[in-house]
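Shown next, in structure tokens, is the structure this report addresses.
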Amino acid sequence: MKPFKLVINGSLVETSEYFDVLNPADKSVVARCPKATEADLNNAVAAANTAFESWSALDISERRELLLKLADVVEDKAEEFKTLLTKEQGKPLQGFANLGAGFEFEGTLNWIRTTANFDIKPKIIEDNDTVRIELHRKPLGVVGSITPWNYPLLISIWHIIPALLAGNTVVMKPSEMTPLTMLRFGEVAQEILPPGVLNIVTGAGELGALISSHEDIQKIVFTGSTPTGKAIMKSASGNLKRLTLELGGNDAGIVLDDVNVDDIAEKIFASAFINNGQTCAALKRLYVHESVYDEMCNALTKIATSMKNGNGMDKDTDLGPLQNEQQLNIVKELAEDAKQRGATFLCGGEVVDEKGYFYPPTLVSNIEDGAKLVDIEQFGPILPIIKFHDVEDAIASANRLGVGLGGSVWSQDLIKAQRVASRMQCGTVWINSHAAVLPIAPFGGVKDSGFGVEFGEEGLNEYTSVHTIHIYK
Ligand code: NDP
């Protein structure tokens, strides 16, 4: 099996050490991944710094054209990318509701194309007889991107494309659990992008901290856990790096008393179990009004028990394995605590297939705030369903945790739903939907879910600094 290579300064670079990347469906080795040294990282950063001069000098329309070409070249390799994604991440090629590798891949193309078509124009703040004040936006320099294992391709694109469009160059480090798709993406990108504009380094243990503390990197964009986000803030302080930190959450969904359960059950299930629950903005705590509680539990159970767990390469697989053992153990531990508290397991709750990191779709009722499964982000295929009597209590429950990424309200009365939504402490609230992120709509967290936004004009602006010019006439 040929090992993958780092992508530095337009070249594929071998390393002296490699590590295995496992297929979470059967723990077999997918491929060997290069372990970058500090010297490799320094070479990547130096190349990105050199490339910055000419890349940032291009007109934005020239950078746009190259990024759109990149989308076309990647699209030509659709089958290869989707297969690699399934093998290293575990998600099914197709999956239930078509939310598998195909969904991530199509989202990737859509994101590149939509984002590449954004513009950065000077803004005139004042223009009178005596003075004209113009606000320009300048790229920052080298951006360090550190991405997780749940959407290895899509989340990397969320970081890379706005950074490049704005005129920055990038050194990125994909998760060591799922590095292959992005190493291949980086290799393909070298056909289109000038050397040094996009560099990919892989490794584990200390590479991340070397990136976040690197004096020649101007900004870090990170998607991952809150503790690591806090560690990044510390190590990024040396040269006052700008930061965008998307740190996940524990999203609540509130189902009001007037819903038609049959109309929304499938959508709620998909919002919670998308990517096996390993989604930053998945619905992770479901609060349901007592008048529709039993009906909702029954409808969700019917859907959950119809799901087929299996290897993502099999066409009829609805849900694959969890991506890694650590995450499987978190899910098991939260389930165990719920069992000990006497919660009701409507389905799932026991590992039945140990050849990979499988956990069946699991629904838990008769559970309350304070249980670990409610209070700690599960990031897996297990959903607590909590009964409420008074909507004020549901709002208080939704807001009581230290995180705030997304939330949702489900109701036929849009005015009432909007009143509830406006009181939820999170970056995005959906009404009659959840986890539906779009390249045009800014997305980010409050509280321990991080700061800074991605997507839309606001997201693009995060890769720039303001340059104000006062012209006295
Ligand atoms: P982490 O959030 O701990 O992130 C790991 C990544 O951060 C690695 O690439 C690591 O690189 C890097 N890193 C660690 N320390 C630093 C540092 N000081 N500076 C820069 N980079 C650093 O991920 P885990 O995989 O451990 O997941 C933990 C939890 O995070 C999950 O259980 C889940 O709840 C949540 N999560 C949230 C996601 C989201 O989308 N928001 C995605 C994935 C997980 P290195 O080892 O080289 O240092």
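For ligands, and for the atoms within them, numbers begin at 1 and follow the listed sequence.
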Any heavy atom of N150 under 4.0 Å from ligand 1? The part involved is side chain
Value for CD1 (I155) from CD (E454), rounded to nearest 0.5 Å, stands at 8.0 Å
At under 4.0 Å between heavy atoms, what of I211 touches ligand 1? The answer is neither
Q: Taking only Lys NZ, Arg NE, NH1 and NH2, and the carboxylate oxygens of Asp or Glu, determine whether K230 and D448 approach each other closer than 4.0 Å.
A: yes
Logged contact type for Q327 with ligand 1, heavy-atom cut-off 4.0 Å, is side chain
Distance below 4.0 Å between atom 23 (O) of ligand 1 and any protein heavy atom? no
If you compare P174, G248, A282 by their heavy atoms, the one closest to atom 41 (N) of ligand 1 turns out to be G248
query = Looking at ligand 1, does Y151 have a heavy atom less than 4.0 Å from it?
reply = no
- Query: W430 vs F443 aromatic rings, parallel, tilted or perpendicular, using cut-offs 30° and 60°?
  - Reply: tilted
Sidechain N-carboxylate O distance under 4.0 Å for D337, K339: no
Q) Do any N/O atoms on S175 end up under 3.5 angstrom from N/O atoms on ligand 1? A) no
Checklist entry - Based purely on interatomic distance, does G208 place a nitrogen or oxygen under 3.5 Å from a nitrogen or oxygen of ligand 1? => result yes
Per-atom filter on ligand 1: closer than 4.0 angstrom to a heavy atom of A204 are 46 (O), 47 (O)
For F105 and V74, the nearest pair of non-hydrogen atoms, with its separation, is CZ-O, 3.5 Å
Give a yes/no on ligand 1: does I232 have at least one heavy atom closer than 4.0 angstrom to it?
yes
When rounded to the nearest 0.5 Å, the distance separating CZ of R32 from CG of L180 is 11.5 Å
Y151 six-ring face occupied by K91 cation (under 6.0 Å, within 45°): yes
Are any of the heavy atoms in Q326 under 4.0 Å away from ligand 1? yes
Nearest non-hydrogen protein atom to atom 3 (O) of ligand 1, with distance, is T228 OG1, 2.7 Å
| message | Here's one to test your reading of the geometry: is the NZ or CZ of K219 within 45 degrees of the ring axis of Y463 and under 6.0 Å from its centre? | response | yes
Subject >> Basic-acidic side-chain contact under 4.0 Å: D375, R400 >> reply: yes
Looking at A281, G450, C280, the heavy atom closest to atom 39 (C) of ligand 1 belongs to C280
I'd like to check atom 20 (C) of ligand 1 in this structure: does the protein have a heavy atom lying under 4.0 Å from it?
yes
Notebook entry, point to check: If you draw a 6.0 Å radius around CD in E266, do more than 12 non-hydrogen atoms from other residues or ligands fall strictly inside?
Noted result: no
For E246, the atoms of ligand 1 under 4.0 Å from one of its heavy atoms are 41 (N)
inquiry  = For the 3.5 Å polar cut-off, considering only N or O atoms, please tell me whether M177 and ligand 1 meet it.
reply    = no
the protein heavy atom lying closest to atom 9 (O) of ligand 1 turns out to be K173 NZ, 2.9 Å
Quick note on ligand 1: atoms under 4.0 Å from a heavy atom of T223 include exactly 39 (C), 40 (O), 41 (N)
>> For V29, is there any backbone N or O sitting under 3.5 Å from a side-chain donor or acceptor partner on D20?
In response: no
- [ ] Please determine if L247 has a nitrogen or oxygen closer than 3.5 Å to a nitrogen or oxygen of ligand 1.
- [x] no
Separation between CG (L153) and CH2 (W111), nearest 0.5 Å, reads 12.5 Å
Nearest non-hydrogen contact to atom 4 (O) of ligand 1 from the set F379, W149, F222 belongs to F222
Sequence neighbours excluded, the answer for side chain to side chain contact (heavy atoms under 4.5 Å, CB included) partners of K241 is I217, I220, A236, N239
Note: ligand 1 atoms sitting under 4.0 Å from heavy atoms of I330 are 32 (O)
A student checking ligand 1 against P148 at a 4.0 Å heavy-atom cut-off should list atoms 42 (C), 43 (C)
Under 4.0 Å between heavy atoms, the region of S225 that gets near ligand 1 turns out to be both
